[in-house]
Amino acid sequence: MIALGCDHGGYGLMQEVIGHLEKRGLEYCNYGTYSNEAVDYADYAKRVADAVAKGEADRGILICGTGIGISIAANKVHGIRAALCGDCFSAQATREHNDANILAMGARVLGPGLALKIVDTFLDTPFSGDERHVRRIAKITAIEEGQN
Ligand code: RB5
């Protein structure tokens, strides 16, 4: 299950992402927003981040104008590693190295062709599981829990 969320800036690109996931036969849950009307990106970041953190979704995809606000907000939720990606190399590396559980993108930054390739890369790349990456992620969690 993939949790989806966007603000008005990301709404158009999210429709492309939804069409793409449907073509691929992937299950998703759309947490909105559902139109071009102006909304606050943090509200949608929280809905998707909560769904991923609670295990209701395996991954999340968040889109705002730049991808910046919505990724900053998502990363405030415990257990979330949201990665803002503008290229496939980063999308692959953040899965392999950071075990990122949310992909963030900027609809005013990316065209739909590249964005959908980034989505595929993010969804299809497994975490490497390498000891050094597990250790580094544990240190991120320690910071989050105030144990650093
Ligand atoms: C909305 O205008 C815009 O600020 C938002 O989509 C995003 O880019 C914020 O980081």
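Whatever order the structure lists them in is the order used to number ligands and atoms, beginning at 1. Throughout, residue positions are numbered sequentially from 1 according to the sequence presented.
- The closest protein non-hydrogen atom to atom 9 (C) of ligand 1 is Tyr41 CE2, 3.5 Å.
- The side chain of Asp7, and not its backbone, has at least one atom closer than 4.0 Å to an atom of ligand 1 (non-hydrogen atoms only; side chain from C-beta on).
- Atom 2 (O) of ligand 1 has its closest protein heavy atom at Arg108 NH1, 3.4 Å.
- The single protein non-hydrogen atom nearest to atom 1 (C) of ligand 1 is His8 NE2, 3.6 Å, given as residue, atom name and distance.
- Each of the following atoms of ligand 1 lies closer than 4.0 Å to a heavy atom of Gly65: 5 (C), 6 (O), 7 (C), 8 (O).
- Taking 4.5 Å as the limit, every side-chain heavy atom of Ile63 sits out of range of all side-chain heavy atoms of Ile70.
- Distance alone, capped at 3.5 Å, is enough to place a donor-acceptor pair between the Asp58 side chain and the Met1 backbone.
- An N or O contact shorter than 3.5 Å is missing between Cys64 and ligand 1 by distance.
- Side-chain atoms of Phe127 and His133, non-hydrogen and from C-beta on, do get closer than 4.5 Å to each other.
- If you number the atoms of ligand 1 from 1 as listed, the ones under 4.0 Å from a heavy atom of Thr66 come out as 7 (C), 8 (O), 9 (C), 10 (O).
- Residues Glu144 and His78 are in side-chain contact: their nearest non-hydrogen atoms beyond the backbone lie under 4.5 Å apart.
- The shortest N/O to N/O separation between Gly67 and ligand 1 does not fall below 3.5 Å.
- The shortest distance between side-chain heavy atoms of Tyr31 and Leu4 does not fall below 4.5 Å.
- The nearest protein atom to atom 10 (O) of ligand 1, hydrogens excluded, is given as Gly69 N, 2.9 Å; this is a heavy-atom distance.
- Tyr11 and Glu37 form no side-chain donor-acceptor contact under 3.5 Å, judged by distance and modelled atom types alone.
- Counted by atom type alone, His20 and Asp120 present one or more donor-acceptor pairs between their side chains at under 3.5 Å.
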